[in-house]
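Read the numbers this way: they start at 1 and go in the same order the structure lists the ligands and their atoms.
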Amino acid sequence: MDIKLQQIMKQIPSMDRLLSLPWVAEYEKRIGRETIKSLITRLLADQREKIKKDPDTAFDADTIAEDARRLIKKRSSPSLAPVVNATGVVIHTNLGRSLLAKEAIDAITAAAGSYCTLEYSLEEGARGHRNDHVEWLLKRLTGAEAALVVNNNAAAVILALTALAKDRESIISRGELVEIGGSFRIPEIMALSGTKMIDVGTTNRTYLKDYENAITDECAVLLKVHPSNYRITGFHSAATREELAALAHSRGLVLMEDLGSGMLIDMSQAGLSGENDPTVAQSLRSGCDIVTFSGDKLLGGPQIGVIAGRKDIIDKLKKHQLLRALRVDKMTLAAFEATLRLYLRGEENAVPTVEMIFRKKEELLPEARRLARKLKALMKKTKVQRYFVDVVPTTDTVGGGSFPQSELPGYAVALSLPELGNSGRLAERLRMSSAHVIAGASDDRVLFHVRTLREKDGERISAALAEILGIGKENCCDA
Ligand SMILES: *Cc1c(COP(=O)(O)O)cnc(C)c1O
C-alpha cells in the first residue's frame with residue numbers, strides 16, 4: 001500500500017473510537033456489544049474497500065460515525081414494524097394485506113400461549129385433524145361439500161393441480177395466463193405442478209369451442225383463473241362458468257377456478273361487482289368443481305389458502321403427500337376460525353378489510369376534516385410560515401388484485417411544507433419517523449387517505465409531523 005493510501009486509511013475512525021461514542025450504550029442494551037462490534041467491523045471494511053478502489057472517495061470521520069449510528073439504530077429496533085397506512089389502498093400487499101379483527105387477534109394470543117386442540121379431539125381423547133376446525137365453517141359459508149386449507153392461495157393452486165393433473169393436460173384460456181404480484185405466473189405454476197399447459201383462444205377472445213377442440217384423452221382439468229390486476233375491456237369474450245362446467249362434466253374433467261380473492265359476501269353495495277368477481281358460493285353454484293382463494297384478501301383473515309368444492313376431489317387432496325409441506329400453523333388457524341365465525345354471525349363488519357371497503361364517502365368527510373383541523377392546529381405551534389393543509393376528494397382502491405377497476409370515492413388530507421423540500425422528501429421523513437407513516441402523493445403534496453386510517457392513526461400522523469418539525473410531543477397530541 002502506498003504512503004498516500006495509508007494516510008487516508010488512518011483517517012478512518014478506529015473501532016475503539018466508535019465504541020466510545022456516547023450513543024453506543026443505549027443500543028448495547030438492546031443488541032449487545034458483540035453485535036455492535038460486528039456491525040462496525042463490516043462498515044469499516046466496506047469503507048476501506050471503497051477507498052482502495054477509489055482513493056479519492058470523499059469521506060470524513062463524522063460521516064462514518066453517523067453511518068454507524070444509523071445502522072446500529074436500525075438493527076436495534078424490530079424490523080417488522082407497525083406502520084400507518086395512509087395510502088387508501090385497503091388490501092396493501094406490501095403493508096401486510098388484511099388487518100385482523102379483534103376476535104382473530106385474541107384467538108391467536110390464546111392459541112399461541114397455551115396448549116390447544118390443534119390435532120386433538122376432546123370427545124375421543126385422541127388424535128383429531130387440524131382442518132376440522134374450519135372445514136365445517138367454510139362449508140356453511142360457501143355451500144361447498146368439502147374444504148381444505150393450506151399455507152396460501154399459491155399453495156392451494158399448486159396442490160390442486162399437482163394432485164389432479166400431474167403428467168396430464170390442463171386447458172386454460174390465453175386471456176388468463178397472467179402474472180400476479182411478480183412471482184406468481186400461471187404458466188410457471190402449471191409447469192411446477194407437473195401439468196402440461198394447453199393454452200387456447202386469444203388474449204381477448206376465447207370461445208367454448210376452443211376448449212372443446214383442445215380436449216384429448218390426456219386432459220384432466222379445465223382451469224379458470226381470475227385475472228387479478230389485469231383487465232381486458234372492449235372487444236372481448238370468454239366462455240361462461242356454466243358452459244365450461246357442462247363441457248367438463250360431459251367429458252369427465254374437473255373444472256377448477258382460481259378466484260384469487262375469495263369473497264364470502266356480496267360486495268355490490270360498496271360498488272364492487274362484476275362477472276369476473278363472483279362470490280365463492282356463486283362460483284361453486286355455477287358449476288365449478290373446486291375453487292381456490294386467499295384468506296387475507298377480500299375475506300379479511302390471516303394468510304391462508306382455501307380449496308373448496310366437491311368432496312371426492314377434496315378427499316383426494318387431503319391424502320396427498322404435498323399437503324404436509326403446505327399445512328397451516330395453529331395461530332393462523334385460530335385467526336381464520338375466529339374470522340369465519342364473524343361471518344357466520346353476520347358480523348362481517350367487524351372484519352377490518354370489509355369495514356374499510358364499505359366505508360362511505362359521507363362518513364369519511366368528517367374524519368378528514370377532524371384530521372385537517374388537528375394538523376392545522378399543530379402547524380400554528382411551529383415557526384413554519386408556508387404550509388398547505390386541506391381536505392381533498394380522492395379515489396381509494398381495494399388492492400390485492402381485487403376489483404382493479406372499481407374505485408372507492410374517499411377523502412384525504414393534503415399537506416405540503418415547501419420549506420422542508422418537495423413532497424417526496426416529506427413522504428420519506430414521514431416514513432422514517434417513529435410512527436412510520438406511509439402516505440399517498442399527488443403533485444407536490446402528500447395525501448393522508450382517511451379510509452385506511454385506524455383508531456389513533458390521526459395522533460400518530462400528528463406526532464410524526466411534530467417529530468419532523470422538531471416540536472415536542474406534548475404540543476401535538478391532544479384534541
Ligand atoms: C393473489 C392471487 C394468488 C396468490 O394468492 P396468495 O394468497 O398470495 O398465495 C393466486 N391467484 C390469484 C388469481 C390471485 O389473485
Side-chain angles (χ1 to χ4, degrees), residues 89-100 134 138 147-162 170 172-193 195 197 199 221-232 238 241 244 255-264 267 272 274-280 282-284 288 290-309 317 322-323 325-329 332-333 335-336 339-340 353 357 397-406:
V89 181
V90 178
I91 307 169
H92 197 304
T93 303
N94 304 130
L95 303 183
R97 290 196 187 166
S98 285
L99 308 187
L100 295 178
V134 292
L138 286 165
L148 177 62
V149 288
V150 290
N151 183 56
N152 58 15
N153 186 33
V157 175
I158 291 169
L159 174 63
L161 284 176
T162 306
S170 304
I172 182 167
S173 161
R174 294 204 170 103
E176 295 173 5
L177 295 179
V178 291
E179 172 180 299
I180 294 148
S183 55
F184 187 87
R185 312 179 92 191
I186 293 295
E188 283 159 31
I189 292 293
M190 292 175 80
L192 186 67
S193 310
T195 188
M197 178 180 83
D199 48 327
V221 167
L222 301 188
L223 177 62
K224 192 168 169 53
V225 176
H226 185 282
S228 191
N229 277 330
Y230 174 69
R231 273 291 181 277
I232 299 168
R241 286 177 192 81
L244 289 172
L255 175 60
M256 163 174 166
E257 177 166 20
D258 174 14
L259 282 169
S261 231
M263 260 190 302
L264 293 184
M267 291 199 165
L272 308 178
E275 180 208 341
N276 255 321
D277 301 281
T279 62
V280 176
Q282 279 165 349
S283 171
L284 289 169
C288 291
I290 53 165
V291 298
T292 66
F293 55 92
S294 299
D296 57 344
K297 289 185 181 171
L298 283 173
L299 197 152
Q303 179 193 301
I304 207 167
V306 179
I307 310 165
L317 302 188
L322 191 53
L323 182 59
L326 309 176
R327 74 179 190 183
V328 177
D329 150 79
T332 306
L333 270 172
F336 197 46
T339 306
L340 293 177
T353 296
I357 287 172
T397 46
V398 175
S402 323
F403 298 107
Q405 276 173 327
S406 300

Do any nitrogen or oxygen atoms of [X] come within less than 3.5 Å of a nitrogen or oxygen of ligand 1?
X: Ala154; value: yes
X: Ser261; value: no
X: Ser294; value: yes

>> Counting non-hydrogen protein atoms only, what is the nearest one to atom 10 (C) of ligand 1? Give residue, atom name and distance.
In response: Asn153 ND2, 3.1 Å
>> Among all protein heavy atoms in this structure, tell me which lies nearest to atom 11 (N) of ligand 1, with the distance rounded to 0.1 Å.
In response: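 Protein heavy atom at minimum distance: Asp258 OD2, 2.6 Å.
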> Is there a donor-acceptor pair under 3.5 Å between the side chain of Ser193 and the backbone N or O of Thr195?
Replying inline: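 Checking the backbone N and O of Thr195 against the side chain of Ser193, no donor-acceptor pair under 3.5 Å is found.
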> Would you say Thr279's side chain and Leu264's backbone share a donor-acceptor pair under 3.5 angstrom?
Replying inline: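 No, because the side chain of Thr279 does not come within donor-acceptor range (under 3.5 Å) of the backbone of Leu264.
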Show the nearest heavy-atom pair for residues [X] and [Y], with the distance to one decimal.
X: Asp277; Y: His226; result: OD1-NE2, 2.7 Å
X: Val225; Y: Ile172; result: CG2-CD1, 3.8 Å
X: Leu100; Y: Pro302; result: CD2-N, 3.5 Å

> Looking only at heavy atoms, is any part of Arg97 under 4.0 Å from ligand 1, and if so is it the side chain, the backbone, or both, or is it neither?
Replying inline: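 Looking at Arg97 and ligand 1, just side chain atoms fall under 4.0 Å.
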Going by the order shown, which atoms of ligand 1 are within less than 4.0 Å of some heavy atom of [X]?
X: Ile180; value: 1 (C), 2 (C), 11 (N), 12 (C), 13 (C), 14 (C)
X: Phe184; value: 10 (C), 11 (N)
X: Gly260; value: 12 (C), 13 (C), 14 (C), 15 (O)

> Do you know which of Asp296, Val328, Leu138 makes side chain to side chain contact (heavy atoms under 4.5 Å, CB included) with Phe336?
Replying inline: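 Testing each of Asp296, Val328, Leu138 against Phe336, the sole residue satisfying side chain to side chain contact (heavy atoms under 4.5 Å, CB included) is Leu138.
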>> Determine whether Thr292 and Asn153 satisfy the following criterion, side-chain hydrogen bond (donor to acceptor under 3.5 Å, both in side chains), listing intermediate values before the conclusion.
In response: CA-CA 6 Å; Thr292 66; Asn153 186 33; 3.2 Å; yes
> Judged by non-hydrogen atoms, does Lys297 sit under 4.0 Å from ligand 1?
Replying inline: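 Yes; Lys297 lies near enough to ligand 1 that a heavy-atom distance drops under 4.0 Å.
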